[in-house]
Amino acid sequence: MDISPTEVIETQARRTLGRRKDRRTWILWALRSSAPLWAVVLAFLIGAVVLEIAGIDPLRAYGAMLDGAVGSWAAVGLTLQKSVPLILSGLGVAFAYRCTLFNIGAEGQLYIGALVGTVLALYVPGLPAWLHIPLCLLGGFVGGAIWGGLPGYLRARRGLSEIIMTILLNYVAFWFTSFLVHGPIQEPAGYYPQTEPVPDSAVLPIFWDAGRLHIGFLIALAIAALVHIVLFRTALGFQIRAVGHNPKVAQHAGISPVRNMIIAMLVSGGLAGMAGIVEILGVQRRLSDFFSPGYGYDAIAVALLGNANPLGVVIAAIFFGALRAGSNMMQRSVAVPAAVAGFIQGITVLFVVIAGAIPQVHVHWGLRKERHG
Amino acid sequence: MATLLRMEDICKHFGEVVANDHVDFEVEEGEIHALLGENGAGKTTLMNILYGLYRPDHGRIWLRGRPVDISSPRVAISLGIGMIHQHFMLVPVFTVAENVLLGMPAPREPLLTLKQVAERVQHLSQQYGLMVDPYARVEDLAVGERQRVEILKALYRQADLLILDEPTAVLTPGEVEKLFTVLRNLTRQGKSVVFISHKLDEVMAISDRITVLRDGRVVQTVARKDTDKAALARMMVGREVVFRISRPETCRGEDVVLRVEGLTVQRRGERPALADINFCVRAGEIFAIAGVDGNGQRELAAVISGLEKPTFGRVEIEGQDVTALGPRGLVRLGVARIPEDRHGLGLVMGFTVGENLVLDCFDQSPFCRLGWLNFRAIWRRAMTLCQEYDIRPQQPDFPARLLSGGNQQKLILARELSRQPRFVLAVQPTRGLDVGASEFVYRNLLEQRQRGAGILLISTELDEVLMLADRIAVIHGGRIMDILERDEADLERLGLLMAGVAAVQRRAVAVAPEE
Amino acid sequence: MDNLIAFLANLFSVDFWAAAVRFATPLLFAALGEIFSERAGVLNIGLEGMMLSGAFGGMLGAYYSGSPWIGLVVAMAAGGTVALIHALISVTIRGNQVVSGAAINIAVLGLTTFLVRTIFGVGQRPTVASFDKWPIPLLSDIPVVGVVFFQHIPLVYIGYLLVPISSFLLFRTTWGLKIRAVGEHPLAADTVGIWVAGWRYGMTVLCGVLAGIGGAFLSLGQLNMFLENMTAGRGFIALAAVIFGRWRPFLVSLAVALFGAADASTLRLQALNVQIPYQIVLMIPYLLTFLAFIGLVGRTVPPAALGLPYRKGER
């Protein structure tokens with residue numbers, strides 16, 4: 001078999017990069033690594049165009065959005081509050097992605113997690129808060145984990161597409177939950193498709209009055225830190241990342257891709273499940289039909305924008321939370337439909353996808369003395 | 001016979017690698033002309049140029065006396081050139097007729113009336129003895145039949161010149177015979193064939209003329225009746241050994257470190273990739289398996305690495321049956337494996353130097369305690385190994401993908417050999433490395449040999465094999481042709497074995513070749 | 001129990017089946033489009049967004065022109081344009097098809113919601129000219145069958161025709177052969193001179209156009225107005241139907257009929273106050289598809305190169 005031309009040229013390219021900084025390489029590297037930034041900027045620009053066409057002054061709209069996002073402590077609190085489910089489910093999607101898996105099922109796992117957690121909240125009475133809350137959170141995690149672990153297992157062992165499986169399971173989860181809140185676990189009064197409010201012992205207390213922010217935010221941050229530690233400081237994280245980079249190499253080294261993929265989906269689903277229950281216990285206080293405005297799907301965007309990195313996910317989640325909070329305010333104050341934020345969100349992700357297709361080039365920093373060619 | 005094709009002074013290079021170096025090549029009408037040479041000799045490149053997949057840097061092509069410019073496969077096809085690649089270009093879920101028709105105008109465009117196509121296919125099939133059912137689905141066909149479909153595709157497009165790239169690589173002996181019959185039918189009816197191969201027996205059996213390529217240059221073009229296998233073997237492999245490393249006297253102990261018995265790897269419907277392999281490697285010896293790429297080395301390496309289970313047979317390391325052990329177990333046993341493909345098997349390119357160096361032991365103390373990674377220990381190990389093995393830059397947090405090829409291989413060596421293994425499997429350890437890096441690899445292997453480890457070296461580089469090995473086995477078509485002591489081995493002998501000619505002197509009767 | 005019997009009796013009522021046909025039609029258009037796209041190797045998760053853009057575009061076109069047919073054309077253009085973006089990202093830029101599709105859904109939802117509120121205000125939703133029913137002479141007089149199949153708006157009839165046409169195109173023309181080759185083994189197709197990128201673009205845009213028609217059915221046929229997020233996941237149902245129907249138009253039309261019947265039955269269940277909750281009924285199609293996918297109900301083999309970007313010269 002003759003040498004493939006691309007193989008040789010790549011080797012050549014890698015050698016020369018060490019010696020001089022190629023302008024083209026620089027540009028590509030800069031484009032690719034700063035993608036989240038310019039994607040957002042471009043998306044806002046396009047949003048501005050759309051606003052203009054609709055006869056709205058973009059500056060006014062964006063100003064109101066900004067105000068609604070960070071213009072007051074209440075706004076900041078709302079932003080952070082809305083970012084909580086995104087942080088958790090975004091971490092989930094990111095974790096799966098670290099093992100090459102696309103978890104499109106965060107929404108479904110969110111519902112199942114919320115379901116299990118709420119049931120524990122409602123039907124395990126009489127516990128003190130410091131027991132009840134962790135129990136419900138754990139229940140949420142377990143519920144989501146199962147819902148994610150099933151497609152994870154099928155993908156790991158049989159190679160079936162986790163994308164399709166998780167999408168289908170989303171609907172199963174959604175309708176199943178809907179069925180339950182319309183019937184078996186519906187509030188006694190029976191008017192609305194929702195459960196009773198969860199008992200006070202299960203409610204996540206507010207820790208910041210001015211912003212009305214519940215401790216779910218702190219929990220989410222703590223979990224982000226935990227995910228970071230697990231991914232980058234434990235043997236488990238090492239294995240998962242190894243499989244994520246290259247399953248064949250990992251297998252050759254004795255790391256089991258199957259085992260790690262299953263673990264990754266269990267954790268991923270569990271995190272999304274926690275997102276669901278935290279939202280219930282912290283904000284909505286009861287499980288109702290349609291309780292999630294698409295957090296699970298936004299989580300995909302958050303994970304992508306955050307580059308599958310816990311810190312990046314937190315920042316991206318807060319950004320999306322700001323978009324939500326800001327756009328709601330914008331709708332109230334200047335009557336610009338909040339939906340434009342959703343549009344900007346989608347366009348942002350599209351640009352990040354485009355950036356993802358920019359070839360990965362290597363820029364070598366300094367170290368002129370070492371010639372490692 | 002008239003000259004059908006003339007390629008004159010063809011030059012082609014990829015970066016710094018010269019694939020074709022002023023090559024002249026001619027084909028006459030109605031002949032079977034073999035292009036013989038090892039992998040990397042430039043045979044496929046030359047034919048890819050002819051088929052329009054590459055453009056030559058220099059040189060001209062004449063077809064029936066007229067100069068032609070072949071800019072794409074479409075042009076080549078229109079000129080009557082057809083190519084049957086090593087990897088078939090067939091859509092598995094389609095039928096034979098559909099595959100043959102694909103890309104060609106149908107008899108009643110745009111209706112897909114396969115009846116006429118099938119009839120034409122049947123007709124061609126009978127004319128040339130191809131025996132293919134036009135309505136069969138390609139994925140249900142055996143490999144030999146699929147190849148005949150590829151030939152049909154070319155004939156349907158009215159090819160006069162057929163290029164077959166290593167056609168017998170995947171065929172059973174019976175299928176090879178069938179193929180040869182077809183080729184003779186083709187040439188009897190005026191078609192011409194270029195037969196790319198590295199297998200001497202076949203080339204001697206089927207060709208009218210033979211052109212030997214080596215390192216991108218034409219060694220010689222001879223008529224088959226004017227030559228013999230020995231001469232061809234010499235032409236194919238003869239080269240000067242570039243550099244020598246002195247190899248200390250035999251350190252071979254008596255302990256068997258690796259024993260392989262009856263190893264067979266066979267997938268359904270295909271010829272066995274490995275057929276009844278038996279050998280053993282002793283402590284303190286380098287046992288090399290030489291052969292042209294694609295004769296089972298990959299499968300052998302995969303089985304011994306624990307990545308694949310053999311269909312039959314067993315592998316023992318120091319007396320322990322490890323056939324079904326898997327990579328994890330082998331790593332725990334302390335077996336060192338230097339894989340063929342740095343990028344695809346050896347290193348996680350997304351990881352740093354330090355992380356790659358603990359790829360095998362990250363979950364053991366001292367690098368890991370209670371699931372927690374001990375970065376200090378990892379860093380220390382990395383620094384030590386970087387110094388010992390001269391990995392540059394000596395930075396444990398340097399991304400592996402930015403290292404040069406030589407340093408990457410040093411990384412793998414460091415990781416695997418620092419374990420003081422009893423058994424080392426090294427597959428193509430110097431592929432893509434320059435002289436200095438290769439020398440480093442050799443030195444390390446010899447050191448391990450000195451230490452008393454048993455080393456199995458699988459390599460296609462004969463100089464390497466001759467320089468390092470205590471014993472040499474030649475693999476061809478999935479079988480061990482013969483095992484020679486170092487002093488019994490020379491280029492000619494090895495060349496013959498590698499090309500499939502069984503040892504003649506060793507046996508009483510001249511054995512008919514395997515294929 | 002009586003309610004259950006009443007419900008089951010309802011299953012045999014012509015009204016129910018006619019409703020099933022109506023509910024199935026938008027799914028049919030989207031699913032057929034997705035078949036073409038996926039057969040060519042492009043995975044289009046953004047089907048939902050394309051349908052929604054068609055629903056919106058259709059409403060807009062009908063609103064400003066007074067004719068549902070103009071609305072239909074606008075719907076097709078809208079769906080096609082969105083699909084063009086997806087094709088650009090998937091085929092030329094070779095970006096991740098799954099995320100691209102998901103992002104398109106989010107963006108289109110945001111854009112259509114924003115536009116409808118901006119143009120028409122928050123409360124009122126204008127009604128637009130919509131399609132009238134065109135009973136087919138003679139055929140519509142057949143008892144039972146006539147009511148179920150032949151007393152619909154013209155889009156439904158187009159849908160009927162589209163199934164055999166799609167099947168014919170895919171399996172009995174050279175075009176279909178090329179499309180399928182591009183989706184199974186793009187390299188082989190390339191080597192025989194087929195323009196892989198061209199076919200992939202074409203099929204993706206076709207998918208968008210058909211999905212647009214499906215969306216137009218919602219705003220110009222089922223209702224005569226546009227409601228925010230009116231597709232409500234139908235795009236994903238269509239995706240499931242494509243898998244369930246093994247990428248074959250006739251089987252997919254059966255799957256879509258099943259889903260349509262499930263959809264139609266939910267209203268009846270609610271009205272009759274039956275024990276079987278409508279959510280369970282709605283859940284069943286997804287569950288079935290899931291089971292089918294994991295192999296409990298036969299083998300599902302997608303086009304071999306589905307979702308994989310094609311690079312020239314790569315195996």
Side-chain angles (χ1 to χ4, degrees), chain A residues 4-6 43 47 50-51 53-56 102 104 151 154 158 160-161 163-165 167-180 182-183 289 294 297-298 300-301 304 327 331 335-358, chain C residues 43 45 49 85-86 88-90 92-100 102-119 121-122 228 233 236-237 239-240 243 277-291 293-295 300 302 306-307 309 311 313-314:
Chain A
S4 110
T6 34
V50 168
L51 286 169
I53 294 179
I56 299 173
F102 282 106
I104 315 288
L154 290 167
R158 303 229 258 132
L160 299 170
S161 161
I163 296 169
I164 296 184
M165 287 191 288
I167 291 181
L168 292 173
L169 286 179
N170 279 347
Y171 284 93
V172 176
F174 175 78
W175 287 118
F176 184 63
T177 309
S178 177
F179 153 66
L180 286 179
H182 270 90
D289 216 3
Y297 292 111
D298 285 353
I300 303 169
L304 195 71
S327 59
Q331 182 163 289
V336 174
V340 72
F343 173 67
I344 293 176
Q345 240 175 279
I347 299 288
T348 306
V349 176
L350 279 180
F351 279 122
V352 175
V353 170
I354 292 175
I358 296 177
Chain C
L43 183 59
I45 306 273
I85 297 174
H86 183 65
L88 185 66
I89 295 182
S90 304
T92 302
I93 298 180
R94 294 191 207 104
N96 187 307
Q97 293 177 15
V98 173
V99 187
S100 165
I104 282 176
N105 288 339
I106 299 176
V108 169
L109 177 59
L111 187 63
T112 53
T113 305
F114 167 75
L115 285 177
V116 79
R117 287 194 187 173
T118 311
I119 300 176
V122 186
E228 292 149 29
F236 291 111
I237 299 181
L239 279 175
I243 300 170
Y278 73 90
Q279 294 97 342
I280 299 294
V281 177
L282 282 175
M283 191 176 86
I284 287 178
Y286 294 102
L287 204 52
L288 280 180
T289 309
F290 181 75
L291 292 174
F293 187 73
I294 69 178
T300 30
L306 182 59
R311 274 176 189 73
E314 213 176 71

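Chain letters run A, B, ... following the sequence lines, proteins first, then strands; residues in each count from 1. Remember, it's a predicted structure, so these values are computed and weren't measured experimentally.
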With sequence neighbours left out, what residues match C:Phe236 under ring-ring contact (aromatic ring centres under 6.0 Å, His included)?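 Here the qualifying residues are A:Tyr171.
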Can you confirm whether C:Asn96 sits close enough to C:Ser100 that some side-chain heavy atom of one is under 4.5 Å from a side-chain heavy atom of the other?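 SC-SC contact between C:Asn96 and C:Ser100 ruled out.
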Mind checking whether A:Pro337 and C:Thr118 have side chains closer than 4.5 Å, heavy atoms only?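 In short, these two side chains touch, coming nearer than 4.5 Å.
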Chain C contact via [X] - side chain, backbone, both or neither, heavy atoms under 4.5 Å:
{"X": "A:Ile56", "value": "side chain"}
{"X": "A:Ile53", "value": "neither"}
{"X": "A:Phe176", "value": "both"}
{"X": "A:Ile163", "value": "side chain"}

Name each donor-acceptor pair under 3.5 Å that joins a side chain in residues 341-353 of chain A to protein atoms two or more places apart or in another chain, with its distance.
| from | atom 1 | to | atom 2 | distance (Å) |
| --- | --- | --- | --- | --- |
| A:Gln345 | NE2 | A:Asp298 | OD1 | 3.1 |
| A:Gln345 | NE2 | A:Asp298 | OD2 | 3.4 |
| A:Thr348 | OG1 | A:Ile344 | O | 2.7 |

Atom group of [X] that falls short of 4.5 Å from chain A, counting heavy atoms:
{"X": "C:Val98", "value": "side chain"}
{"X": "C:Ile45", "value": "side chain"}
{"X": "C:Leu111", "value": "both"}

Looking at A:Leu169, A:Leu51, A:Leu154, A:Ile300, which has the largest count of heavy-atom pairs under 4.5 Å with chain C?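 With the most close heavy-atom pairs to chain C, the winner is A:Leu169.
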On a heavy-atom basis, which atom in C:Leu109 and which in C:Thr112 lie closest, and how many Å separate them?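 Result for this residue pair: O-OG1, 3.2 Å.
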Between C:Met283 and A:Trp175, which heavy-atom pair has the shortest distance, and what is it?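 Taking C:Met283 first and A:Trp175 second, the nearest heavy atoms are CB-CB, 3.9 Å.
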With a 3.5 Å cut-off and no angle check, do the side chains of C:Asn105 and A:Tyr297 form a donor-acceptor pair?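 The criterion, which ignores hydrogens and geometry beyond distance, is not satisfied for A:Tyr297 and C:Asn105.
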Flag the one option from C:Leu282, C:Ile284, C:Val99, C:Val116 with the top tally of heavy-atom pairs under 4.5 Å to chain A.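 Result: the option with the highest number of such pairs is C:Leu282.
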